[in-house]
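One structure is given below, encoded as structure tokens.
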Amino acid sequence: ASAKRIMAMFYFALLILAFLLQTSVFPLLPFLSASPNLLLILCFSFGFYYGSLPGMFYGLCAGLLMDLFYSGPYSLIFVLIGYGNGYFHHYYYEEYITLPLFLCVVSGLIYHLYIYIFRFAVRGKGNIPYYALHIVLPSIVFSFLLTVVLYRFFFSASKKLEEKVL
């Protein structure tokens with residue numbers, strides 16, 4: 001029981017750290033026109049590594065954290081992304097980075113489409129080309145580049161933690 005508690009605390013701390021970096025540090029960097037979505041990266045990585053149900057639960061935690069601090073329908077999209085990426089759990093190989101990068105881009109597109117529909121289109125603010133070029137594209141590019149680095153960290157840390165704890 002204590003081994004699972006240690007792993008849960010590690011993943012919760014990682015979630016809090018990602019949230020703080022995403023909401024407090026990245027917006028202050030002047031050279032970033034858009035910031036990478038660390039919570040999205042963690043959410044799809046967790047689902048990809050552990051499966052649909054754990055991915056859905058981690059997505060719920062990430063979404064609730066966003067919902068607590070920002071008004072928006074974040075919980076549902078993070079749950080869906082965590083759950084959906086969990087379907088690819090059976091295709092996980094440590095040295096296989098192509099699928100996680102593809103999942104990063106697809107998850108980012110789904111996330112931004114969802115946010116666009118529920119935050120802008122519902123209110124009649126529909127400048128799709130501006131949103132796609134100035135918000136979606138930079139965010140997905142930065143998330144893609146950061147996924148290359150974070151993918152290795154997340155999976156090596158998860159593997160080491162599982163070896164030590166279990």
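Residue numbers count from 1 along this sequence.
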At their closest point, which heavy atom of Ile140 faces which heavy atom of Gly108, and how far apart are they?
CD1-C, 3.8 Å
Could you check if a side-chain atom of Leu109 sits within less than 4.5 angstrom of a side-chain atom of Val136, using non-hydrogen atoms only?
yes
I would like to know whether Phe12 and Cys61 meet side-chain contact (heavy atoms from CB on, under 4.5 Å); could you show each step before the answer?
CA-CA 9 Å; Phe12 182 72; Cys61 293; 5.9 Å; no
Heavy atoms of Cys43 and Gly59 approach each other most closely as SG-CA, 3.4 Å
Out of curiosity, does Tyr70 fall in the hydrophobic cluster containing Leu21 (side-chain heavy atoms, cut-off under 4.5 Å, transitive links)?
yes
Quick one: do Leu40 and Ile81 satisfy side-chain contact (heavy atoms from CB on, under 4.5 Å)? Show the steps, please.
CA-CA 8 Å; Leu40 189 68; Ile81 286 174; 3.2 Å; yes
Distance in Å, Leu150 CG paired with Leu38 CG, rounded so as to fall on 0.5 Å steps
6.5 Å
Got more than 12 heavy atoms from elsewhere within 6.0 Å of CG, Leu53?
no
What I'd like to find out is whether the side chain of Leu103 reaches to under 4.5 Å of the side chain of Thr147, using heavy atoms alone.
no
What is the distance from atom OG of Ser52 to atom OH of Tyr87, rounded to the nearest 0.5 Å?
5.5 Å
Angle class for the Tyr49/Phe155 ring planes (parallel below 30°, perpendicular above 60°, tilted otherwise)?
tilted
Are a donor atom and an acceptor atom from the side chains of Ser107 and Asn85 found within less than 3.5 Å of each other?
yes
Within a 6.0 Å radius of atom CZ on Phe10, are there more than 12 heavy atoms belonging to other residues, nucleotides or ligands?
yes
Using the side-chain contact (heavy atoms from CB on, under 4.5 Å) rule, take Tyr74 and Leu65 through it: C-alpha gap first, then chi angles, then the decisive distance, then the call.
CA-CA 9 Å; Tyr74 293 102; Leu65 193 59; over 6 Å; no
Does some side-chain heavy atom of Phe46 sit less than 4.5 Å from a side-chain heavy atom of Phe154?
yes
Interatomic distance, Ile77 atom CD1 to Leu113 atom CG [nearest 0.5 angstrom]:
8.0 Å
Work out which heavy atom in Phe88 is nearest to a heavy atom in Phe48; give both atom names and the distance.
O-CE1, 3.2 Å
Is it true that Ile41 and Ile97 fall in one hydrophobic cluster, defined by side-chain heavy atoms closer than 4.5 Å?
yes
How are the rings of His134 and Tyr130 set to each other: parallel, tilted or perpendicular (split at 30° and 60°)?
parallel
Polar side chain donor-acceptor pair, Ser143 to Asn37, under 3.5 angstrom
no
Would a 4.5 Å heavy-atom cut-off, applied to side chains only, mark Tyr50 and Ser158 as touching?
yes
Over 60° means perpendicular and under 30° means parallel, so classify the ring planes of Tyr111 and Phe78, tilted if in between.
tilted
Heavy-atom distance under 4.5 Å between the side chains of Phe26 and Phe142, does that happen here?
no
Restricting to non-hydrogen atoms, name the atom on Leu39 and the atom on Ala62 that form the minimum distance, rounded to 0.1 Å.
CD1-O, 4.3 Å
Using modelled atom types only, decide if a donor and an acceptor are shared between the side chain of Tyr114 and the backbone of Pro73 within a distance under 3.5 Å.
yes
Closest non-hydrogen atom pair, Pro27 against Thr23
CG-O, 3.5 Å
Joint cluster assignment, Phe57 & Leu64, ILVMFWY side-chain distance < 4.5 Å
no
Donor + acceptor pair across side chains of His112, Ser139 (<3.5 Å):
yes
Please name the pair of heavy atoms, one in Leu28 and one in Ser24, separated by the smallest distance, quoted to 0.1 Å.
CD1-O, 3.2 Å
Determine whether Tyr131 and Tyr116 satisfy the following criterion, ring pair (Phe, Tyr, Trp, His ring centres under 6.0 Å), listing intermediate values before the conclusion.
CA-CA 8 Å; Tyr131 183 73; Tyr116 178 79; 5.1 Å; yes
Could you check whether any side-chain heavy atom of Tyr11 comes within less than 4.5 Å of a side-chain heavy atom of Leu42, counting everything from C-beta outward?
no
Step by step, would you call Gln22 with Met66 a side-chain contact (heavy atoms from CB on, under 4.5 Å)?
CA-CA 11 Å; Gln22 180 175 321; Met66 288 292 288; 4.3 Å; yes
